[in-house]
Asks: 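Take a look at the following structure, please.
The figures that follow rest on heavy atoms only: side chains count, while hydrogens, waters and symmetry mates do not.
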Amino acid sequence: FWLKPSRCELVPLRLPAAPVATRLCCPEVQLAHMAGEKKPIAGAAARKRVKKGTKQPVRLYAKGVILGYKRSKSNSYANTTLVKIDGVRTRADAQWYFGKRIAYVYKAKKEVNNSKFRVLWGKVRRAH
């Protein structure tokens with residue numbers, strides 16, 4: 001079972017740069033800064049960014065377990081399924097998943113469209 005996020009969550013977030021310190025070290029640098037000149041950066045060549053060699057893949061889905069159908073004591077509603085999503089403990093946690101798509105992926109014996117995997121799609125509608 002996979003819960004795929006919508007397209008807007010796939011875009012990597014760019015965080016704003018760290019704020020520049022307002023207090024400067026000496027009056028000469030402060031005057032140069034006020035005049036619009038660039039302030040000297042000590043050891044800029046020594047602080048180069050080092051790129052990591054390998055990057056782990058990012059999982060863009062959450063696993064879950066089908067608990068059963070929505071039901072009362074005697075009636076069962078087969079068009080509504082209860083799903084337990086890993087890591088979701090409260091209604092506030094579940095709210096992020098509202099409207100997201102769910103894919104129930106299973107494997108069949110017979111190949112259809114060159115694949116033995118089949119998918120049933122659904123949506124998260126509300127917390128139980």
Asks: Once rounded to the nearest 0.5 Å, what's the spacing between atom NZ of K70 and atom CG of L82?
Replies: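 So the gap between those two atoms works out to 9.0 Å.
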
Asks: Find out if a path of hydrophobic residues (ILVMFWY) with successive side-chain heavy-atom gaps under 4.5 Å connects Y69 to L120.
Replies: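 No, Y69 and L120 fall in different hydrophobic clusters.
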
Asks: Are W121 and V105 connected in the hydrophobic side-chain network, where two residues link if heavy atoms are under 4.5 Å apart?
Replies: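 Per the 4.5 Å side-chain linkage, W121 and V105 are co-clustered.
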
Asks: If you measure from CZ on R126 to CD on Q95, what distance do you get to the nearest 0.5 Å?
Replies: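 Spacing of CZ (R126) from CD (Q95) equals 14.0 Å.
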
Asks: Could you measure the distance from the OG atom of S115 to the NZ atom of K110? Nearest 0.5 Å is fine.
Replies: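 Answer for the OG-NZ pair, S115 versus K110, is 13.5 Å.
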
Asks: Between NE2 of H128 and OG1 of T81, what distance do you get to the nearest 0.5 Å?
Replies: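 With rounding to 0.5 Å, NE2 (H128) is 12.0 Å from OG1 (T81).
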
Asks: Verify the cluster assignment for I66 and Y106: are they in a single hydrophobic cluster under the rule of side-chain heavy atoms below 4.5 Å apart?
Replies: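 In one cluster: yes.
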
Asks: How close do R89 and D93 get, heavy atom to heavy atom, and via which atoms?
Replies: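 In this case the closest contact between R89 and D93 is N-OD2, 3.4 Å.
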
Asks: Is it the case that one hydrophobic cluster holds both F98 and V88, taking links as side-chain heavy atoms less than 4.5 Å apart, direct or via other members?
Replies: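 Yes: a chain of side-chain contacts under 4.5 Å links F98 to V88.
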
Asks: If you apply the rule side-chain contact (heavy atoms from CB on, under 4.5 Å), what do you find for I102 with V124, and how did you get there?
Replies: CA-CA 7 Å; I102 289 183; V124 177; 3.6 Å; yes

